[in-house]
Amino acid sequence: MGIEADPLHRCGVLVVDEDADVRELLRVSLSADGYVVAAVPDGREALSYLRSHADTCVIVADQTTPPNGVIRFRAAQLSDRSLAWIPVVLMSGGIEAAQNARAFGASGFLRKPLDLDQVRMTLGRIGCGRSRARPDLRDR
């Protein structure tokens, strides 16, 4: 059986982007919307953060995040059963980025430069990962 939703829970968002300005923009705007926001510059730090903080409900990651882009990060996330359930929203300004996001298994896509209303709508559509029942990983 999955985890019960906590009525006092504030959805945690992890922003992964090498651009400090983008990280700060999302941290400030999403915090003002009631999210608990953490931000890191790359996939290695994202994995470290996720493994030491259990409150992340959604990951918003730039598709070109180093090292080796977000592909290595996503593979590591999906191979870790405690992290695989967390939905990922990809950001990119690339021409074929939306198709790449679908192939990547992303739950959403945001085109750069970011439109904060679009960010809010995308996160609202995905919802908080903790509000959905997750499989009990002990049964696997």
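These values consider heavy atoms only, across backbone and side chains, with no hydrogens, waters or symmetry-generated copies.
- A distance of 13.5 Å separates CE in M91 from CD in Q118, rounded to the nearest 0.5 Å.
- At a threshold of 4.5 Å between side-chain heavy atoms, the hydrophobic network of Ile, Leu, Val, Met, Phe, Trp and Tyr places V36 and V119 in two separate groups.
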Can D33 and L123 be said to form a side chain to side chain contact (heavy atoms under 4.5 Å, CB included), step by step?
CA-CA 11 Å; D33 289 342; L123 291 179; over 6 Å; no
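- When every heavy atom of I86 is checked against every heavy atom of T56, the shortest pair comes out as CD1-O, 3.9 Å.
- Counting all heavy atoms, side chain and backbone alike, R120 lies closest to S29 at NH2-CB, 4.0 Å.
- Of all heavy-atom pairs spanning F109 and T122, the tightest one is O-OG1, 4.4 Å.
- Applying the side-chain hydrogen bond (donor to acceptor under 3.5 Å, both in side chains) test to every pair with at least one member in residues 103-116, sequence neighbours left out, gives these pairs: D17-K112, D62-K112.
- In this view, R27 and E24 satisfy the salt bridge (charged side-chain N to carboxylate O under 4.0 Å, His left out) rule, not counting sequence neighbours.
- With hydrogens and angles disregarded, a donor-acceptor distance shorter than 3.5 Å links the side chain of S79 to the backbone of A76.
- With rounding to the nearest 0.5 Å, the separation of CD in Q99 from CZ in F104 is 15.0 Å.
- The SG atom of C57 lies 11.0 Å from the CZ atom of R10; values are rounded to the nearest 0.5 Å.
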With side chain to side chain contact (heavy atoms under 4.5 Å, CB included) as the test, would you mind laying out the steps for L26 and V37 before giving the verdict?
CA-CA 8 Å; L26 289 174; V37 183; 5.6 Å; no
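- Distance check: R74 CZ to L83 CG gives 11.0 Å after rounding to the nearest 0.5 Å.
- Put simply, the residue from R44, E45, R51 that forms a side chain to side chain contact (heavy atoms under 4.5 Å, CB included) with L47 is R51.
- The shortest non-hydrogen separation linking I126 to G108 is CD1-N, 4.3 Å.
- When hydrophobic clusters are built by joining Ile, Leu, Val, Met, Phe, Trp and Tyr residues whose side-chain heavy atoms come closer than 4.5 Å, directly or via intermediates, V16 is not grouped with V28.
- Just one residue in the list L90, D42, V88 forms a side chain to side chain contact (heavy atoms under 4.5 Å, CB included) with V70, and that residue is L90.
- Across C11 and V58, no two heavy atoms sit closer than the pair SG-CG2, 4.4 Å.
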Taking it one step at a time, do Y35 and V15 satisfy side chain to side chain contact (heavy atoms under 4.5 Å, CB included)?
CA-CA 12 Å; Y35 292 97; V15 176; over 6 Å; no
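- Taken from CD in Q77 to CD1 in I59, the straight-line distance is 4.0 Å, to the nearest 0.5 Å.
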